Chemist: 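Input: one structure, supplied below.
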Amino acid sequence: MSGNELSKIRNIGITAHIDAGKTTTTERILYYTGVSHKIGEVHDGNTTTDYMEQERERGITITSAAVTCEWNDHRINIIDTPGHIDFNIEVNRSLRVLDGAVFIIEGVAGVQPQSETNWRLADRYNVPRIIFINKLDRTGADFYRAFDTLKEKLDIVALPLQLPIGAEENFLGVVDLVEMRAIIWEGGELGAKFHYEEIPDDLKEKAAEYRQNLLDTALAVDDAGMEEYFENGDVSVATLKRALKRGTIDGTFRPTLCGTAFKNKGVQPLLDAVIDYLPAPNDVEGIRIAPPEDEEVDENKLPIIPVDPDGKFAGLAFKIINDKYGTLTFVRVYRGVLRSGDMVLNTTKGHKERIGRMFQMHADKRQELKEVHAGDIAAFVGLKDTQTGDTLADQDDPVVLERMAFPVPVIDIS
Ligand code: GDP
């Protein structure tokens with residue numbers, strides 16, 4: 001991606017019940033986006049997103065690092081959201097700085113308890129979501145049954161954008177209901193390629209039915225699209241995508257895709273969907289300012305700071321990691337530009353911080369940045385006394401951004 005166009009940034013999380021395939025999907029994404037030249041398999045314990053030794057031992061991801069990759073001239077920052085029940089505070093922290101999320105569920109078990117908990121947390125922060133039903137290659141996997149658990153357990157309007165072709169070990173590809181074509185993967189090895197085909201005869205009727213549902217549901221939120229539909233009996237792919245993005249952002253429905261991350265089927269269309277349907281930083285409302293100390297206020301009435309490239313700098317520290325290079329403070333920038341060497345105010349603590357080196361973390365390298373912009377995420381080296389949840393801001397406009405709620409309220413999902 002060239003420049004810093006907000007519309008070309010996606011800050012996303014990938015969230016899942018433990019073992020549903022979050023790590024595998026993240027690894028495949030890093031592989032396909034070309035920044036990771038070798039896939040770290042989970043069982044080898046060398047996956048790029050697992051920072052800490054502790055994680056390697058446990059085989060679960062408990063930190064929230066952010067990894068940057070590029071896809072179709074867009075920059076995708078993947079903020080690692082932990083999936084384990086014990087780490088709800090971590091999930092909560094990272095959800096705050098996401099603009100959208102990919103929600104992975106398992107093709108055999110469907111929605112599991114941890115997915116429900118994470119789903120409710122994402123609801124609290126109005127995080128737009130798309131769903132990926134993974135592991136369709138597994139014995140016993142059933143897209144339609146897993147899909148039904150979305151409605152049953154989460155009470156949502158899940159909207160299939162794809163139907164599977166073949167099942168279990170014969171899972172071959174998907175019918176893409178947006179473009180009405182089949183996507184067939186070749187082989188099952190790393191770097192798997194795909195080609196487009198006509199929709200198979202035995203799925204034509206079903207695809208037509210699901211496509212009609214897709215049009216009815218998506219166009220209901222898009223007046224211009226509905227008009228186009230009445231005039232022509234169908235809509236352009238661009239119109240349908242626009243409607244799908246709108247409904248995804250406002251939470252009217254949840255686009256649902258499928259595949260098997262492990263066998264490399266479905267990950268590229270998932271990346272396309274991240275670009276097409278999940279919001280850019282300026283598609284969502286921004287972040288609230290923090291409530292005044294010692295005062296009871298209705299948090300929903302606090303002013304919102306929109307993501308603004310031209311405003312005075314403001315950013316939120318959301319994760320701190322100690323690695324071999326020292327302390328890395330991950331900051332989500334909401335407003336303005338920050339250059340290395342600038343002095344900012346930690347408005348939460350009331351002291352100044354000098355900005356040293358800043359990096360974007362890729363799977364296999366760290367790229368030094370001379371400046372960071374609204375909408376983006378970067379790791380700062382050498383901040384002296386900034387903790388998770390602190391705001392860094394321009395001294396001329398010392399705003400304090402919404403802190404993250406601690407402890408996480410118990411969410412009743414019974
Ligand atoms: P996480 O806990 O959600 O991060 O899940 P992982 O990515 O670690 O996956 C858990 C296990 O499921 C690992 O052994 C993976 O190799 C396996 N796995 C992940 N995706 C798939 C898939 O699409 N098909 C099959 N059969 N196994 C998968």
Side-chain angles (χ1 to χ4, degrees), residues 12-32 36 38-52 54-65 67 78-88 90-91 94 101-119 121-122 129 131-143 145-147 162 164-174 183 185 187-192 194 256-271 363:
I12 65 156
I14 299 178
T15 167
H17 188 282
I18 186 160
D19 266 1
K22 186 188 74 177
T23 310
T24 308
T25 306
T26 306
E27 289 302 325
R28 297 306 188 242
I29 286 176
L30 296 178
Y31 177 80
Y32 288 121
S36 175
K38 110 180 177 328
I39 293 214
E41 294 292 355
V42 175
H43 50 78
D44 293 340
N46 65 344
T47 55
T48 19
T49 41
D50 283 5
Y51 270 92
M52 295 161 60
Q54 184 192 13
E55 286 179 87
R56 290 172 198 224
E57 282 161 21
R58 293 192 194 182
I60 54 174
T61 310
I62 57 166
T63 60
S64 291
V67 186
I78 303 173
I79 297 136
D80 189 21
T81 51
H84 193 271
I85 191 110
D86 290 346
F87 304 110
N88 267 352
E90 287 279 330
V91 176
S94 42
V102 174
F103 215 82
I104 299 179
I105 70 163
E106 230 252 15
V108 182
V111 173
Q112 294 162 288
Q114 182 61 35
S115 322
E116 288 186 56
T117 312
N118 285 354
W119 189 271
L121 276 172
R129 271 152 276 173
I131 296 163
F132 185 70
I133 300 180
N134 188 32
K135 298 199 183 184
L136 287 189
D137 62 310
R138 277 191 58 195
T139 307
D142 180 339
F143 170 82
R145 200 185 52 222
F147 182 80
Q162 298 174 338
I165 300 173
E168 300 177 341
E169 64 187 39
N170 295 317
F171 172 71
L172 303 174
V174 296
I183 303 175
W185 276 275
E189 298 311 309
L190 300 185
F194 59 84
T256 304
L257 297 93
C258 62
T260 156
F262 188 71
K263 298 267 173 72
N264 303 300
K265 297 174 184 173
V267 178
Q268 300 104 323
L270 177 63
L271 277 163

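By convention here, the first residue in the shown sequence is residue 1. Hydrogens, waters and symmetry mates play no part in the numbers below; they use all other heavy atoms, side chains included. The model shown is predicted, which means the values in this text are computed figures rather than measured ones. One-based numbering, in listed order, for ligands and for the atoms of each.
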Chemist: Glu168: which residues meet the side-chain hydrogen bond (donor to acceptor under 3.5 Å, both in side chains) condition with it, sequence neighbours left out?
Modeler: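 So Glu168 forms no side-chain hydrogen bond (donor to acceptor under 3.5 Å, both in side chains) with any residue.
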Chemist: With a cutoff of 4.0 Å, is Lys263 in contact with ligand 1, counting heavy atoms of the residue only?
Modeler: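 Flag not set, Lys263 not near ligand 1.
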Chemist: Which part of Lys22 is near ligand 1, with near meaning a heavy atom under 4.0 Å away: side chain, backbone, both or neither?
Modeler: both
Chemist: Only heavy atoms of Thr23, strictly under 4.0 Å: list the atoms of ligand 1 that pass.
Modeler: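 Contacts of ligand 1 toward Thr23, numbered from 1: 1 (P), 4 (O), 7 (O), 8 (O).
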Chemist: Is Glu27 near ligand 1, meaning one of its heavy atoms is under 4.0 Å from it?
Modeler: no
Chemist: Run the numbers for me: atoms of ligand 1, each under 4.0 Å from some heavy atom of Ile18, listed by number.
Modeler: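 Counting atoms of ligand 1 from 1, those under 4.0 Å from Ile18 are 2 (O).
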Chemist: Any N/O of Gly259 closer than 3.5 Å to an N/O of ligand 1?
Modeler: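 No, Gly259 has no N/O under 3.5 Å of an N/O on ligand 1.
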Chemist: Nearest heavy atom to atom 5 (O) of ligand 1: which of Ala16, Gly21, Ala261 does it belong to?
Modeler: Gly21
Chemist: Would a 4.5 Å heavy-atom cut-off, applied to side chains only, mark Arg129 and Trp119 as touching?
Modeler: yes
Chemist: For atom 9 (O) of ligand 1, which candidate among Thr15, Thr260, Thr24 holds the nearest heavy atom?
Modeler: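 The option holding the nearest heavy atom is Thr24.
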Chemist: Can you sort out which atoms of ligand 1 are near Arg138, meaning under 4.0 Å from one of its heavy atoms?
Modeler: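 Those qualifying, in numeric order: 25 (C), 26 (N).
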Chemist: Would Tyr31 and Glu27 count as a side chain to side chain contact (heavy atoms under 4.5 Å, CB included) if you check the C-alpha gap in whole Å, the side-chain angles of each, and the deciding distance to 0.1 Å?
Modeler: CA-CA 6 Å; Tyr31 177 80; Glu27 289 302 325; over 6 Å; no
Chemist: Could you give me the CA-CA distance, side-chain angles and deciding distance for Phe143 and Gln162, then say whether side chain to side chain contact (heavy atoms under 4.5 Å, CB included) is met?
Modeler: CA-CA 10 Å; Phe143 170 82; Gln162 298 174 338; over 6 Å; no
Chemist: Go through the structure and list residues passing side-chain contact (heavy atoms from CB on, under 4.5 Å) with Asp19, not counting sequence neighbours.
Modeler: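 So Asp19 forms no side-chain contact (heavy atoms from CB on, under 4.5 Å) with any residue.
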Chemist: To the closest 0.5 Å, what do you measure between CG (Asn134) and OG1 (Thr25)?
Modeler: 4.5 Å
Chemist: Please could you name the atoms of ligand 1 that His17 approaches to less than 4.0 Å, counting only its heavy atoms?
Modeler: 3 (O)
Chemist: Step by step, work out the side chain to side chain contact (heavy atoms under 4.5 Å, CB included) result for Leu172 and Phe194.
Modeler: CA-CA 10 Å; Leu172 303 174; Phe194 59 84; over 6 Å; no
